[in-house]
Amino acid sequence: MKRIKQLLQADLSSVIIPIITIFGLLAITSEGFLSSYNMFSIFQSVPIFVIVGLAQMIVLSLGQMNLAVGSIGVLSSVVFGIAMQNLGMPTSVSILLACIAGVLQGLIQGVMVTKSGINPFIISLALLSLYKGLALVITKGQPFSELNAGFSAFGNLKIVGLFPATIFIAALVSGIMYVLIRYRKLGKRLLACGANGVAAIYSGVNYDKTVIIGHAISGGLCAIAAILQVSRFGSVQLSIGDDWMLTSFVVPVLGGTLLSGGKVNVIGPFLGGFLMVLINNAIVLWGVSSYATNAAVGLILLLAYEVDRMRKKMMNNQAKSAVEKEA
Amino acid sequence: MDFAKIRKSNSFSVSIIIVFMVVVMCFFKRNYLSSDNISALLKVLAVTTLVGVSQMISIASGGMNVSIGSVGAMAAILSGLLMQNLKVPVLLSILIGIGIGVLSGIINGLLIYRNGGVGVASFLTTLATNSVFIGIIYMITTGHGVSKIPDAFVAIGSSKIGPVPTSVLIVGVLITLVYFMFTYTSLGRQILAFGANPKAAELYGISRFKTILSVNIIASILAAIAGMLVVMRVGTAQPDIGSDWMLQSFAAPLIGGTRQAGGKVVVFGVILGVLVLTIIENALVHLGVDVYWTELINGVVIIVIMAFDRLRSIKN
Amino acid sequence: MSKKEEYILELENITKIFPGVKALDDVSFKIKKGEVHALVGENGAGKSTLINIISGVFGPTQGSIKVDGKEEKITNPSKAFELGIGVVHQERNLIDTFDIAENICFMDISTGKNKMKDKKAMNQKAERAMERVGLDLKPWQGIEELTSGKKQMLEIARAMCMDSKVLLLDEPTASISLTEADMLLKTVKQLKEEGVSIIYISHKLEEIFEIADSITVIRDGKNIGETLSASSLNKDKLIELMVGRKFVTETYNNRDLSKEPVILEAKDISSKKNPIPKSFQLKKGEILGWYGLVGAGRTEYAREIIGIDPITNGSLLIKGSEVSIKSYEEAFQRYKLCYISENRKEEGLFLQHNITDNVGIIALDQICTKGGFISYRKQNEITESYKESLSIKAKDIFVETASLSGGNQQKICIAKGLCVNPEIMIIDEPTVGIDVNTKGEIHKLIYELSVQGISVIVISSDMGELVGIADRIIVFRDNEIKGELENSKDYESMSTKVMGSILL
Amino acid sequence: AGMMAGCKGGTDSSSSSSQTQDKTAYDQSVWKDVVEFGAVDGKTDKDYAFAGVFGAINSYSDPMQGAADIAAEELGIKATEFDAPKDWVQNDQNTILDGLIAKGIKGIYMMTSDPVAGNEQISKMTSSGVPIVCVGGSPSTPSKATLTLATDVYQAAYDGTINLIKAMGETGGVVGLCGAVTDTNTQSRMEAIQKACAEYPNVELIQIIGDIDESEASVTAIENILAAKGDQISGFISTCYYPSVALAKILSDERYSNVHAIGCDTDEAVLDGIKSGALDGTMSQNPWGQAYLATVTLKMLTDGWTYKADQDFLVDSGSFYITKDNADKVEQTQMEATMEMAKTWTDRFDAPAK
Ligand SMILES: Nc1ncnc2c1ncn2[C@@H]1O[C@H](COP(=O)(O)OP(=O)(O)OP(=O)(O)O)[C@@H](O)[C@H]1O
Ligand SMILES: Nc1ncnc2c1ncn2[C@@H]1O[C@H](COP(=O)(O)OP(=O)(O)OP(=O)(O)O)[C@@H](O)[C@H]1O
Ligand SMILES: [Mg+2]
Ligand SMILES: [Mg+2]
């Protein structure tokens with residue numbers, strides 16, 4: 001009982017508890033769940049969720065939203081495709097170019113948000129169309145499928161027969177983001193700008209610069225997610241990113257990021273992404289109609305809220321009774 | 001209202017842009033203002049305006065509602081199914097459709113209240129309920145549309161009263177009611193006060209619970225009506241109704257001058273915002289723009305419009 | 001029976017426990033009809049908590065409240081208004097998007113009594129209410145651009161027109177000018193005549209003695225002794241009761257700064273907003289007071305100097321060389337010029353963050369290791385040291401700043417300013433809402449800083465404060481500098497001189 | 001309705017354990033004595049757990065599970081499962097596919113949500129020993145799937161346009177209505193429309209509108225183009241579902257009685273449109289036959305048959321022009337064509353070595 005209480009008090013309990021529950025239930029009820037094929041597949045789906053979630057999280061921490069995550073992803077991957085297929089660049093250069101493209105798109109968004117005075121939501125909305133439109137105009141909708149074979153293989157590479165190589169990339173990116181947010185000045189500044197922009201300025205933070213950098217990082221992360229997606233699909237696809245927007249919000253939020261800015265949980269998206277994938281997996285394994293996928297994700301999100309409330313209530317009660325005891 | 005004040009308003013600059021767009025279109029296409037095209041524009045306008053107003057109410061209260069589309073779809077599908085399978089009379093079905101709106105509004109409202117009230121909570125909660133509602137729709141329909149909608153129902157959408165399509169009239173009445181609510185009733189003012197400063201509003205006697213609940217019920221009723229209007233327009237009730245409402249619902253009121261942080265609305269500005277969006281969509285078809293260019297142009301035009309509005313407000 | 005009816009409000013054994021803090025501990029007192037009852041106590045003593053309980057913001061953990069002799073459960077703010085309890089909270093609570101009339105007549109809107117909006121009646125009502133508190137504004141004006149003093153007066157006007165039997169005023173004069181405060185006190189007296197009972201909270205003890213009939217002292221959440229009649233007390237005794245020990249005000253001697261170099265010099269600085277050019281000099285280690293009534297343009301002038309508002313004309317010299325500061329970041333990083341805003345909630349604090357993070361953001365350079373990584377140990381050490389030296393009252397340094405009392409929040413803002421080791425500090429209204437004891441500590445701090453060679457500009461509307469610590473006082477009125485005076489540290493003569501130059 | 005059965009999923013079918021299986025269906029089928037009945041070679045029923053996964057929830061796939069189960073019954077194997085992601089999202093489909101395999105499904109017939117991106121998933125599944133037969137539309141080639149049973153999307157769009165042009169009397173303006181422009185299949189459909197129009201000197205392709213495979217967007221687009229160029233338009237060719245439904249509604253207006261239209265798919269709303277005269281016809285493909293033959297193929301592959309190297313990867317499952325005359329016999333038309341193919345189906349394979 002005490003253990004459970006302790007667990008409930010942990011910051012991430014609202015995501016860890018559902019993960020453990022679903023994982024346990026699946027392991028008991030479904031024999032295929034622990035098969036290496038299934039585990040590999042689960043781990044293979046996680047990285048993109050996580051990185052897209054991180055891309056959104058960093059903008060959320062600024063108290064803003066990036067609706068263009070998917071479009072930035074698709075335009076970056078088009079740059080990647082052009083570099084690799086049309087210009088015959090080596091893989092590393094192509095990846096670099098794609099990331100630069102992503103950062104640039106984020107940068108443009110950041111500059112417009114800070115300098116133009118136009119409503120940030122509308123900017124993001126317009127850029128969503130603009131970036132995607134640009135990708136379409138450049139390619140005329142044609143995919144790039146003659147990619148470097150080694151690169152495509154990477155997306156499906158198995159390590160120890162269980163882990164896809166991509167999950168290590170996601171872990172690495174999460175780690176870097178963790179350090180960035182928690183241990184670098186930039187992270188503190190980002191959170192400060194998200195919590196109270198004016199106070200941040202009065203604390204000597206360059207608000208505009210910080211916001212721009214935040215958006216740029218978000219753009220870069222979108223590009224990384226896109227590259228991982230390309231390597232999994234083995235081709236650059238213009239529908240990449242079409243399904244990212246909802247995911248990008250759900251993942252960090254499941255992972256405990258406040259949408260109002262100023263507070264984030266960097267490890268959260270990793271767990272949030274994992275939880276999403278587990279739910280999807282459970283729905284297929286339990287033979288529930290895939291129509292229920294949506295409903296299940298929604299219910300889990302609501303459940304996360306409940307767990308969080310329970311946790312807070314318990315901690316408050318504890319603190320209160322501690323005071324009473326003292327008296 | 002004196003002219004100077006009007007001239008400074010956001011609505012004025014958006015109006016200028018709309019007039020400009022129409023003039024340019026008339027220049028390129030002689031028949032741009034044909035009655036056919038105007039009625040095509042009006043029909044889209046009706047639904048999108050309702051969607052925008054529904055979102056505007058949530059924004060006014062300092063919240064967001066991303067479940068508008070699924071509420072609309074639920075009302076459309078359920079009223080459609082009742083009419084098709086159980087032969088429920090048209091009027092009763094419409095009432096039940098609105099009832100679905102009320103019910104989902106209550107669900108949203110209660111959950112949002114429970115989860116803390118404004119901004120964050122409303123976005124997340126409706127994100128979750130949206131998923132649940134969509135799940136319900138697809139479980140009921142298994143992805144199939146309801147195609148045997150009684151003519152009497154569809155006729156409401158396609159008929160005209162005088163020169164005006166009935167659907168436009170319905171929306172006109174509804175938006176006027178919303179305007180009336182925000183301008184003259186204390187409920188409207190309470191919503192605005194709560195949106196601008198929830199803490200102060202609560203400290204001075206506005207009930208958080210009542211406000212959130214009424215906002216969500218009203219918004220969901222409008223969404224439900226919008227969903228049924230789509231059925232009247234399309235002739236079938238498809239489960240994908242509302243799937244592309246989300247972005248429009250935010251864009252229309254924000255372009256129209258509603259304050260994103262809540263507390264200030266420009267009710268009729270929503271119509272202007274919707275006009276901007278629909279005219280772009282309409283113009284792209286009229287000009288025969290290549291399919292690959294439509295997205296790009298869409299984005300560019302929105303930015304240009306907002307930049308223009310911004311420049312004017314700086315000058316003022 | 002008849003004796004009981006004399007009390008309009010009776011608090012019995014009120015206890016309030018927040019997670020981790022016992023804010024009120026068995027507080028009881030009674031208020032008679034038509035009296036002004038002052039509540040005094042240090043920052044964080046629990047005064048505002050009491051107000052919140054009476055006005056139904058939250059319920060007490062224990063204890064009961066009687067209104068008019070009848071026990072009432074005040075579960076929400078509306079209930080309090082129904083019982084005739086009006087309130088002006090310590091923090092500003094206006095609706096930015098509403099015009100003045102709507103803000104003043106807010107209760108009509110929130111209670112939904114008048115279902116339909118009657119603009120004309122509202123405007124008239126608002127005008128009458130403003131007249132009462134001496135505000136000269138148009139009811140249809142927006143409020144976003146008003147100064148904080150005007151906003152405060154608006155709130156008071158709103159409370160006045162509620163027709164309440166009991167009026168709770170939580171530090172109403174903290175951020176308004178002397179004239180406005182006079183007007184307010186006059187209104188309070190008049191209300192008292194009309195039979196309204198008033199609970200009045202203030203850290204300005206002169207006011208207390210001017211209007212209060214009875215005084216209850218709260219220390220650490222408990223009421224100290226019985227309610228006392230104001231006439232039986234004097235200032236020193238009251239402070240002693242508040243602080244729990246004898247309190248000595250320190251005096252700071254005059255210093256000779258004539259040999260010190262000028263570290264900051266402004267020459268005819270003006271901006272688009274403030275076309276009147278203004279100049280001043282600040283010496284190393286000097287405390288320069290900027291006196292003026294609220295709205296005299298001191299904050300705006302400071303904002304120009306620190307690079308937040310652009311300067312159109314004039315030049316700024318730091319240590320003799322001309323500089324052009326384009327952003328506050330630059331002023332702060334490069335010239336060690338630090339500004340502490342008067343507006344702690346909006347411009348000072350990150351309310352959802354804890355104390356350490358609030359301090360850490362400004363002390364990034366100190367809390368970073370060589371590799372540029374943040375050391376949370378250092379951050380905690382620094383915060384802990386300020387918590388100690390400024391005696392910030394909080395459970396620990398990891399509580400959200402939103403849950404602290406107003407005065408303690410102000411102390412955190414000051415800690416933020418101190419921990420960057422500035423060369424020049426501009427402190428805007430450093431002791432608004434600060435209790436006497438801490439006020440003394442802050443003054444001492446400012447003085448010590450100046451002794452270390454830091455030059456400090458103190459913007460204050462409190463003449464006593466400036467006379468106490470400043471070396472020199474510059475007087476502002478209507479965006480102009482009206483005079484510059486050496487401080488003789490003699491309150492009487494200085495105040496006549498200052499008033500003289502203001503009226504000039 | 002077929003999909004609801006899929007919801008129940010993994011329910012044990014009656015054939016799972018007993019030897020006393022009902023062979024009557026087998027005896028009457030074309031497979032009698034050609035393909036073996038039930039499990040062979042020490043394999044068990046479990047090795048014959050097959051599933052169908054479509055690219056998205058779409059009425060096109062309605063007949064599929066029923067057809068697959070008829071094949072399963074004839075061949076004495078477990079009833080099949082059926083599933084599809086809500087939208088055309090490859091990632092979502094991958095989740096379903098991987099889950100099914102984890103659950104023990106040993107063979108899958110499917111349409112990729114995305115023809116290019118789905119290929120990598122097909123490779124992953126085949127390399128773990130699960131045979132894949134594609135239906136509905138071909139993945140991009142080369143692919144690790146055994147074969148694709150589909151209508152050539154290019155050909156279908158081309159034929160549809162030609163039918164439209166004929167209905168128009170070979171003169172007038174044509175408008176094409178298409179789905180997501182990011183889909184490579186949409187691109188070939190657009191090319192087909194362009195090519196067909198170019199072949200007739202008096203026919204002008206006015207415009208192709210893309211990205212409108214949604215109920216509202218399609219209505220808006222059609223109303224807009226009618227308002228803009230109503231006088232020039234003689235016909236619409238729709239290559240996706242929602243615009244077809246929208247055409248059926250809008251063109252039922254008297255004013256547009258001389259505007260011709262060819263739709264796509266055989267949903268009730270579309271067929272009603274044909275019966276009422278709003279549409280001239282629709283291009284029906286053969287989802288019934290695709291699922292039926294695909295299931296047979298999966299059984300054969302599991303038994304040890306191999307697809308001959310010289311056989312085409314893409315097997316045309318036929319497409320039919322449905323008009324007023326045969327609107328009531330859509331499924332029957334499909335079945336007949338399928339049974340015709342079934343007669344020579346095993347010729348495409350090498351029999352298992354004994
Ligand atoms: N919502 C809350 N949650 C937790 N603790 C709180 C909350 N509100 C107040 N407190 C704590 O209760 C104590 C009393 O605070 P209160 O605001 O009543 O002080 P105060 O006497 O008004 O001080 P000041 O003069 O500085 O305004 C403080 O220690 C404060 O931190
Ligand atoms: N919205 C406004 N419209 C017109 N004048 C304004 C407005 N806001 C501020 N002002 C004026 O700007 C000037 C400077 O205000 P500022 O806040 O800088 O004064 P201050 O001396 O710092 O007083 P405070 O103690 O309120 O900060 C004042 O003359 C004030 O009346
Ligand atoms: Mg207080
Ligand atoms: Mg000031």
Side-chain angles (χ1 to χ4, degrees), chain A residues 60 63 65 67-68 71 112 116-142 238 245-246 249-250 253-254 257-261 263 283 288-306 308-309 312, chain B residues 59 64 66-67 70 111 114-116 118-143 239 246-248 250-251 254-255 258-260 273 290-307 309-311 313-314:
Chain A
L60 287 177
M65 294 186 195
L67 303 177
S71 298
M112 287 181 66
S116 72
I118 301 174
N119 185 321
F121 192 89
I122 299 274
I123 290 175
S124 204
L125 197 66
L127 290 180
L128 161 85
S129 288
L130 203 151
Y131 291 152
K132 179 76 187 274
L134 215 55
L136 280 175
V137 168
I138 293 171
T139 60
K140 293 270 173 261
Q142 292 299 325
L238 286 166
M245 199 202 291
L246 185 71
F249 285 110
V250 174
V253 163
L254 272 181
T257 293
L258 266 186
L259 270 180
S260 59
K263 270 189 185 170
I283 280 168
V288 184
S289 141
S290 64
Y291 308 120
T293 314
N294 276 289
V297 172
L299 289 175
I300 291 282
L301 205 57
L302 290 173
L303 200 72
Y305 250 119
E306 287 305 314
D308 204 45
R309 192 189 353 270
K312 279 191 192 132
Chain B
I59 297 177
M64 293 181 225
V66 287
S67 71
S70 56
L111 286 170
R114 195 170 158 73
N115 292 342
V118 280
V120 194
S122 60
F123 182 86
L124 280 185
T125 310
T126 51
L127 196 66
T129 54
N130 184 51
S131 285
V132 176
F133 293 159
I134 288 179
I136 292 173
I137 293 164
Y138 274 78
M139 281 190 271
I140 292 175
T141 61
T142 65
M246 207 253 269
L247 298 182
Q248 295 176 354
F250 283 104
L254 293 181
I255 292 176
T258 292
R259 184 168 179 257
Q260 195 186 354
D290 187 69
V291 281
Y292 299 112
W293 283 86
T294 47
E295 285 261 3
L296 182 66
I297 295 176
N298 220 328
V300 171
V301 172
I302 292 180
I303 289 181
V304 169
I305 288 171
M306 295 311 282
D309 180 31
R310 177 73 194 146
L311 277 180
S313 67
I314 289 176

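Only a predicted model underlies this, so the values are computations on that prediction, with no experimental measurement involved. Order of the sequence lines fixes the chain letters, A, B, ..., with proteins taken first and strands second; residue numbering starts at 1 for each chain.
- The shortest distance between side-chain heavy atoms of Leu247(B) and Met245(A) falls below 4.5 Å.
- Ile255(B) touches chain A through backbone and side chain together, each having a heavy atom under 4.5 Å away.
- With respect to chain B, the highest number of heavy-atom pairs below 4.5 Å among Leu134(A), Thr139(A), Ile122(A), Leu127(A) belongs to Ile122(A).
- Expressed to the nearest 0.5 Å, how far OH of Tyr291(A) lies from CD1 of Ile140(B) amounts to 13.0 Å.
- Between Leu254(B) atom CG and Ile118(A) atom CD1 the span is 12.5 Å, to the nearest 0.5 Å.
- In this structure, the side chains of Met112(A) and Met306(B) stay at 4.5 Å or more apart for every pair of heavy atoms.
- A heavy-atom distance below 4.5 Å is not found between the side chains of Val132(B) and Asn294(A).
- Of the residues considered (Leu128(A), Ile123(A), Val137(A)), Val137(A) shows the highest number of contacts with chain B, using heavy-atom pairs under 4.5 Å.
- With a 4.5 angstrom heavy-atom cutoff, Ile300(A) does not touch chain B via any of its atoms.
- Looking at Asp290(B) and Lys140(A), their side chains come closer than 4.5 Å, going by heavy atoms from C-beta outward.
- Using modelled atom types, no side-chain atom of Tyr292(B) and backbone atom of Leu136(A) make a donor-acceptor pair closer than 3.5 Å.
- In this structure, the side chains of Leu125(A) and Phe250(B) stay at 4.5 Å or more apart for every pair of heavy atoms.
- Separating the OG1 atom in Thr293(A) from the CE atom in Met139(B) is a distance of 9.0 Å, to the nearest 0.5 Å.
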